[in-house]
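Quick caveat, the model's predicted, so the values are computed rather than measured.
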Amino acid sequence: MSEQTNSRSARRQQMEAERKRGKNKKPTKKGNLFKKILLGIVALGVAILVGGAGLFAFYASSAPDLDESLLKDPLTSNFADRNGDIFMKFGAEKREFVPYDDIPKEMESAILATEDVRFYKHHGMDFWRLGGAVVANFRSGFGSQGASTLTQQVIKNSFLSHDKTLKRKAQEAWLAFKLEREYDKEEIFEMYFNKVLMSGRVHGFGTAANYFYGKDLDELELHEMAMLAGLPQSPNGYNPFKNPERAEKRRNTVLNLMYKHEKITKEQMEEAKAIPVTKTLLPEDQRDENTISKYLAYVDIVLDELEAAGMMDVLSEGVTIQTNLDPKAQEAVEKAINSNIYESDEMQAGMTVLDTKTGEIVAIGGGRNFTGRNLNFASGDNRRQPGSVIKPILSYGPIIDNESWSTAHIVNDEPYKYKGTDVSIRNVDGKYLGPITAREALYKSRNIPAVKVFEEVGTKRAGQFANKLGLSYDKLDSSNSIGGGKYEFSTIEMAGAYSAFGNGGLYTKPHAVNKVIMRDGKTERNLAPDTVTVMKDSTAYMVTDILRDVITLGTGKTASVSGLDMAGKTGTTNYSSETKSKHGLKDSDVPDSWFTGYTTEYTIAVWGGYKDYTTPIKTYDRGRYVPQILFKSVMTDLVSGKNTPRFKKPSSVEEATIVKGSNPPILASNSTPDALKSTELFVRGTVPTEMDEEVLTELEAPGDLSAQYDAETNSVVLNWSYDNPAIDVLVEPIQFNVSVAVDGGEAQNMTMTSDHTVSFSGVEMGRTYVFYVSAVAADIESSPASTSLLIEGQDEDDSNIDDGFWNGDDEEDDDHNNGQPNNGNNNGNNNGNNNNGNNGHNGNGNNGNGNNNGNDGSNDGSNDGSTDPGNDDGSPGTDSDGGSDGWTDSEDN
């Protein structure tokens, strides 16, 4: 026991002695590991520092030399058209040079508070700002935020490319230090002040003061200085002539910064903010017309694209901007858009012309008498509700692409409410066509079928289809499918979307700039977007084939170019009930009119309306039809002397001749009458196989025809019955053609109706009337049923016995004279004894000259050999923007 105790005691003494001598191994291992890690980090830091310094030295050694001429004056850049010819020298315009001593101190304070508040404290690089930018770049990726001082901006705008690379940043930092050593701060500020791009082709604050306000710098007010100080960050985006709301927001940001950095008082800030940004801008009639040059509307789009790409500053570097401008197309657009076709001097239009295959913007119509200062009505400056031009994009395109619908698919045009609501949808004519094909629903632009199709395809698939075409939708609802709601688009965006239908389902984002060639003539920056497949080629062709009918049968006849294979769609938007009430607008007043059409080579989107949304389009020929007229004019010039290829049906699409209106489709047989045949398109593999031999070849005559005379009203009431079970293969409802013969004369057509009763007034005593009623459907007419009636008695005054004037009411009122609703009266004049009059049902027919030569005006607003405007945009519409009626588009008939 004693030995064990001694042994343990000895071991403890030994361990304590070893601990004191530092021979405990576990703590030693931990200490060595920590030291190794620390030494490794230090070594890595030294290596990075040395390597970074070496890399910096290498990049700096290849930096260009400082050149005073480049520091002080912007280099002229060239704008080249698609042929490589220079059409504008950008930066060659007259500029106001302002010496530092003449720069107002308040103007300098506004600039420094916004761009570089520590300008007079750093030596070219601001490491406080750089630290914040590094943190931001770690969060969002390299290049997401810069920390450039004014000195660095002068260097960047004078010598270096705008690529966000380590090499460029290293060279920029090195040259900034050199610049600070060789020039005073005041000289550097003067360089920035006179060289920076302010807007469009305007360089320097002195030039900008005259351009925007017609003032010298010392005449500017605080709010004007703040507006100018905010421009360099986005010269086109903050242009107050074009984007006053954005400009005012930016100006107020500058004022906040001036107050934050104690350059102005709070009272001064609030007083300046209270002044509208447009209040003291130079009036349009006083602006310097010497700033006008060729193709400014197109140049405006080029500048927008350069700004979006972060390349506006390259315009001071002597680069060449290779654009897609076609001068002949641009001149055709400017000639058309400045012609005298408008209902007023204030009405405006915007137009975009694309190459259908490439998406290249070949011409832009920015508006009438575009000067570069005013709103560009073709661009994102002027987004508007699309109306019915959206129907192929949100309804029919997606359903064909996703569900392989044929053009013969039946949709029921009937009373309908938005899904899940009590809001009824209306067609523009207030009527319903019953079961109709998808083809007819689209080319006649019926609202209810478009909503039904949209709700069947679903908001997700409809939105995806539109987004792939460059139309940004987030949360869709049914009103969007007929062009209403909050979403608005430009002619550039709409032309891009439609070009994919004309290009077999391939989409290229519209673009005016192809590439930027740097000053050395070798380095290029390609800005042309890639082409992507956005729909099946079967979808593109089937939609195109329907839109051909818009031009030949539907609402786009005014845009037709003879002999040209083309497709297109009209659109008209409407005011909400609230807007109409607030501004005293009529039901027939509309804010926007559209036409977008295309061939295999060109796509053109045109908008017409007013800058002020509440100023309405009031007329048809010089109002609503303006986009179609402009389209026709420009397209005619573009295709003149050319052989434009037709749209080619892809192998994925099959044609089949079916029984007209059959549901589901039935193939027509040899015995099917031509009047009952319809050629429709099907996605390959979906053509029907059933052929119905029991095809309707004739109609039964109406039965139980009777005529009753009412002495009190001096009228005759006709009644008849009709039952034909074979008629259910037809889409078209049965109509009844009613005619009358007087005293054995030739029968005259009186009316066409879907009812089984008609009333006639103004009959004459002592005459015998024979009434005929036949059934009509799909161009087939039955034999007539007839009945006769003698009106006994004699008028006291028979001097007008041969006048034969008839008045009758008909419920059909969807034909119009010059776009105005007709009262539905049947007016016919039998002049003299030879029954030479005419029937003017739903419009006024022409007086015939000769026996029985009167023209029948039935179902024709003005049957005088001219096109009936009532068939195109004939009725007023309401509420495209979610108003109480919940419907849109006034061109439907």
Side-chain angles (χ1 to χ4, degrees), residues 341 343 347 349-352 384-397 427-429 439-447 449-450 481-484 488-489 491 493-495 497-498 501-502 543-561 564 566-574 588-599 603-609 616-617 619-635 814 816 818-819 867-878 880 887-893:
I341 62 171
E343 67 180 17
M347 187 177 176
M351 179 186 298
T352 296
R384 294 294 182 97
Q385 286 181 333
S388 281
V389 292
I390 207 64
K391 289 176 181 175
I393 296 168
L394 287 183
S395 294
Y396 298 96
N427 292 311
V428 71
D429 57 7
R439 176 186 295 277
E440 187 176 3
L442 178 53
Y443 84 69
K444 288 186 175 179
S445 201
R446 307 297 289 176
N447 285 336
S481 66
I482 49 179
E488 299 176 327
F489 302 103
T491 64
E493 293 166 316
M494 200 56 66
Y498 268 72
F501 292 118
V543 170
T544 294
D545 194 58
I546 297 174
L547 297 184
R548 282 165 160 163
D549 290 345
V550 173
I551 309 296
T552 57
L553 303 173
T555 56
K557 299 186 190 77
T558 303
S560 176
V561 178
L564 186 65
M566 55 181 283
K569 185 70 185 74
T570 56
T572 311
T573 65
N574 301 275
S588 59
D589 292 340
V590 300
D592 308 292
S593 181
W594 287 84
F595 185 80
T596 303
Y598 55 97
T599 68
T603 301
I604 304 177
V606 193
W607 167 88
I617 301 172
T619 64
Y620 282 78
D621 288 347
R622 298 171 69 85
R624 297 192 194 191
Y625 295 160
V626 161
Q628 294 188 54
I629 294 168
L630 290 174
F631 175 93
K632 180 173 184 174
S633 174
V634 173
M635 185 63 81
D814 57 347
H816 309 276
N818 294 324
T867 302
D868 173 18
N871 291 329
D872 309 325
D873 270 4
S875 299
T878 67
S880 63
W887 63 288
T888 188
D889 190 21
S890 61
E891 86 272 359
D892 309 278
N893 188 31

Exercise for the section: Would you check if the side chain of Q628 reaches a backbone N or O of T558 as a donor-acceptor pair within less than 3.5 Å? Expected result: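 Judged by distance alone, yes, a pair lies under 3.5 Å.
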Exercise for the section: Say whether, by atom type as modelled, one donor and one acceptor occur between the side chain of Y498 and the main chain of I393 under 3.5 angstrom. Expected result: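 Between the backbone of I393 and the side chain of Y498 there is no qualifying donor-acceptor contact (under 3.5 Å).
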[Y] and [X], any side-chain heavy atoms less than 4.5 Å apart:
| X | Y | result |
| --- | --- | --- |
| K557 | T552 | no |
| V606 | T491 | no |
| T603 | F501 | no |
| R384 | W594 | yes |
| L630 | I341 | yes |

Could I get the full list of side-chain hydrogen bond (donor to acceptor under 3.5 Å, both in side chains) partners for [X], not counting sequence neighbours?
| X | answer |
| --- | --- |
| W607 | D592 |
| T596 | none |
| R622 | none |
| T619 | E343 |

Problem - Which residues share a side-chain contact (heavy atoms from CB on, under 4.5 Å) with I551, sequence neighbours left out - result: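 With sequence neighbours excluded, I551 shows a side-chain contact (heavy atoms from CB on, under 4.5 Å) to S560, M566, F595, given in chain and number order.
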Please report the interatomic distance [atom1]([X]) to [atom2]([Y]), rounded to the nearest 0.5 Å.
| X | Y | atom1 | atom2 | result |
| --- | --- | --- | --- | --- |
| I390 | S395 | CD1 | OG | 9.0 Å |
| Y396 | Y443 | OH | OH | 12.0 Å |
| T573 | E488 | OG1 | CD | 9.0 Å |

Closest non-hydrogen atom pair, [X] against [Y]:
| X | Y | result |
| --- | --- | --- |
| P392 | V543 | CB-CG1, 4.0 Å |
| A495 | T352 | CB-CG2, 4.2 Å |
| P386 | G483 | CD-O, 3.6 Å |
| L442 | K569 | O-CE, 3.9 Å |

Exercise for the section: Mind checking salt bridge (charged side-chain N to carboxylate O under 4.0 Å, His left out) for D549 and listing every partner two or more places apart, or none if nothing turns up? Expected result: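 Checked D549 against salt bridge (charged side-chain N to carboxylate O under 4.0 Å, His left out); matches are R439.
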Handout entry: Distance-only polar pair, side chains of S593 and T572, donor-acceptor under 3.5 Å
Key =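 Per modelled atom types, S593 and T572 side chains form no pair under 3.5 Å.
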Problem - Residue pair V389, T570: steps toward the side chain to side chain contact (heavy atoms under 4.5 Å, CB included) verdict - result: CA-CA 6 Å; V389 292; T570 56; 5.8 Å; no
Handout entry: Criterion salt bridge (Lys or Arg N to Asp or Glu O under 4.0 Å) on D429 and R446, from CA distance to verdict
Key = CA-CA 9 Å; D429 57 7; R446 307 297 289 176; 3.0 Å; yes
Practice task
Apply side chain to side chain contact (heavy atoms under 4.5 Å, CB included) to N447 and K391, showing your working.
Solution key: CA-CA 9 Å; N447 285 336; K391 289 176 181 175; 2.9 Å; yes
Problem - Mutual orientation of the aromatic rings belonging to Y625 and Y620 [parallel < 30°, tilted 30-60°, perpendicular > 60°] - result: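 Y625 and Y620: perpendicular rings.
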